[in-house]
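Note that ligands are numbered from 1 as they come in the structure, with each ligand's atoms numbered from 1 the same way. Since the model is a prediction, treat every value here as computed from it, not as a measurement.
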Amino acid sequence: MKILGILASHKEHGIQAQLLSEVLDNVEPGVETETIYLENYEITPNKYHEKNPVLEELVQKLNEADVWVFSAPTYWRELSGVLKNFFDCMRPKFVYFKENGDTIPGQFKNKHYLSITSCYVSPLENFLTGVTDESFKTIDRVMSAAGVIKTGEIVLPGTFGMKEIPNYKKEQCHKFAKKISVKKRKDDSTLKRYIQLFFMIAVMALITMGIQIPLKPFINSSFWLNYLSFTLIFFVLLACILHFVTFVKHRRR
Ligand SMILES: Cc1cc2nc3c(=O)[nH]c(=O)nc-3n(C[C@H](O)[C@H](O)[C@H](O)COP(=O)(O)O)c2cc1C
């Protein structure tokens with residue numbers, strides 16, 4: 001079992017580096033770890049017919065690891081350029097192309113990843129405005145195309161002037177360290193998803209029936225009106241919550 005930390009910050013020993021080591025230094029005994037600092041590599045795109053030894057070396061490192069931990073700060077409300085460049089140059093290694101240009105997951109399918117980011121804005125501002133969301137979204141988009149499975153997110157807002165990461169964040173890093181130390185078979189969160197879906201449906205049905213109470217004088221007389229209003233309200237609520245859970249929800253504190 002091996003975990004590869006990928007540090008994509010301008011600072012080799014800054015907050016992102018600390019967050020990454022806090023995870024990697026606390027994995028279970030026997031789990032091998034390695035950290036690569038992307039700024040040490042001259043990462044350029046693959047040119048046709050030319051060998052690209054840097055990309056080949058990185059591909060080998062990615063291949064040897066079971067879990068990848070991306071540690072990249074949020075720059076300009078986006079993923080740091082160095083990680084984005086790494087993703088751009090790795091595209092032909094991450095995905096296979098079909099004849100029509102569509103992509104399917106490539107050689108790294110079913111590996112796992114953890115994302116870590118940080119930003120200057122305060123926890124409250126990040127909670128309200130989601131400054132770090134785009135960083136997570138970009139990582140998720142690329143990893144989903146590559147068929148790599150997500151294990152979680154760690155975010156540290158309020159890093160302006162910070163010299164050392166706070167204890168509560170260290171504890172969170174330790175929890176993730178334990179989580180990613182266990183070898184997983186493909187995507188094993190199916191049961192969790194069914195349980196979440198059950199509770200979502202239960203809550204949506206409750207809210208729908210609550211909204212229907214004041215409508216009773218108009219709809220109670222007809223079974224079909226009752227049914228139609230329930231279906232419409234339920235559909236709108238469920239669409240909103242599914243959108244939130246799938247596209248919007250990222251860790252912000
Ligand atoms: C080029 C650049 C752009 C940044 N943009 C933002 C930003 O848009 N919002 C923010 O809250 N912090 C921003 N920051 C602050 C970083 O997110 C923050 O310094 C981060 O915690 C850096 O981690 P480090 O110590 O590993 O460099 C930016 C920093 C740099 C260098």
Side-chain angles (χ1 to χ4, degrees), residues 3-27 33-45 54 57-58 61-62 65 67-91 112-143 148 150-177 179-180 244 247-253:
I3 301 174
L4 179 69
I6 299 163
L7 178 61
S9 170
H10 285 178
K11 289 191 196 152
E12 194 170 1
H13 305 288
I15 292 295
Q16 280 302 139
Q18 282 187 43
L19 286 162
L20 181 59
S21 2
E22 209 58 46
V23 174
L24 297 187
D25 293 348
N26 287 284
V27 296
T33 63
E34 182 184 353
T35 301
I36 52 173
Y37 181 47
L38 286 186
E39 296 257 352
N40 285 340
Y41 294 83
E42 205 176 311
I43 302 169
T44 54
V54 175
E57 186 187 338
L58 291 170
K61 286 184 188 298
L62 290 172
V67 183
W68 306 335
V69 183
F70 295 110
S71 187
T74 295
Y75 289 163
W76 299 112
R77 301 183 72 125
E78 284 274 357
L79 188 62
S80 75
V82 64
L83 188 55
K84 180 66 170 46
N85 181 52
F86 170 75
F87 284 158
D88 293 348
C89 297
M90 277 287 174
R91 188 169 183 244
H112 289 77
Y113 74 99
L114 168 70
S115 312
I116 311 176
T117 195
S118 64
C119 66
Y120 274 173
V121 302
S122 69
L124 180 66
E125 188 178 340
N126 198 39
F127 178 71
L128 295 175
T129 63
V131 167
T132 47
D133 282 5
E134 287 306 317
S135 302
F136 288 134
K137 276 189 208 165
T138 306
I139 299 176
D140 289 350
R141 198 176 307 124
V142 176
M143 288 301 105
V148 181
K150 183 171 186 164
T151 55
E153 292 175 354
I154 299 175
V155 62
L156 179 60
T159 59
F160 187 73
M162 189 182 278
K163 294 279 172 288
E164 204 190 324
I165 57 177
N167 283 339
Y168 79 95
K169 204 43 75 175
K170 286 185 182 170
E171 278 162 27
Q172 203 182 9
C173 291
H174 301 171
K175 272 191 203 144
F176 273 106
K179 189 174 174 189
I180 61 174
F244 178 77
F247 299 107
V248 183
K249 191 176 156 271
H250 287 281
R251 205 177 270 270
R252 291 179 175 179
R253 284 190 295 179

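Judged by distance alone, with hydrogens and angles left aside, the side-chain atoms of Asn85 form no donor-acceptor pair with the main-chain N or O of Gly81 at under 3.5 Å. For Lys170 (side chain) and Val23 (main-chain N/O), no donor-acceptor pair under 3.5 Å exists by modelled atom type. Under a 3.5 Å cut-off, the side chain of Lys179 and the backbone N or O of Thr151 do form a donor-acceptor pair. With hydrogens and angles ignored, the 3.5 Å screen pairs a side-chain donor or acceptor of Ser80 with a backbone N or O of Ala8.
Any N or O atom pair closer than 3.5 Å counts here, and His10 shares no such pair with ligand 1. Checking only distances, Val121 does come within under 3.5 Å of ligand 1, N or O to N or O.
Between the choices Ile15, Leu20, Thr74, the shortest heavy-atom distance to atom 16 (C) of ligand 1 belongs to Thr74. Heavy-atom proximity to atom 20 (C) of ligand 1, evaluated over Ala8, Ser118, Gly14, Ser71, is greatest for Ser118. Across the listed options Gln16, Arg77, Lys163, Glu12, Gln16 owns the non-hydrogen atom lying nearest to atom 26 (O) of ligand 1.
Annotation: atom 9 (N) of ligand 1 to nearest protein heavy atom, Val131 CG1, 3.9 Å. The nearest heavy-atom contact from the protein to atom 19 (O) of ligand 1 is Tyr120 CE2, 3.1 Å. With respect to atom 31 (C) of ligand 1, the closest heavy atom belonging to the protein is Tyr75 CE2, 3.6 Å.
Heavy-atom contacts of Trp76 reach the following atoms of ligand 1: 1 (C), 3 (C), 4 (C), 5 (N), 6 (C), 7 (C), 8 (O) (cutoff under 4.0 Å). Within ligand 1, counting atoms from 1 as listed, the ones closer than 4.0 Å to a heavy atom of Thr159 are 18 (C), 20 (C), 21 (O).
Residue contacts with ligand 1 for Pro73 involve side-chain atoms from C-beta outward but no N, CA, C or O (heavy atoms, distance under 4.0 Å). Counting heavy atoms under 4.0 Å from ligand 1, residue Ser9 touches it through the side chain alone.
Between the side chains of Glu153 and Ser115, not a single donor N or O lies within less than 3.5 Å of an accepting N or O.
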Can you list the steps and then say if Thr74 with Thr117 is a side chain to side chain donor-acceptor pair (under 3.5 Å)?
CA-CA 6 Å; Thr74 295; Thr117 195; 2.9 Å; yes

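Aromatic ring centroids of Phe87 and Phe70 lie under 6.0 Å apart.
Between Phe136 and His250, the ring-plane angle classifies as parallel under the 30° and 60° cut-offs.
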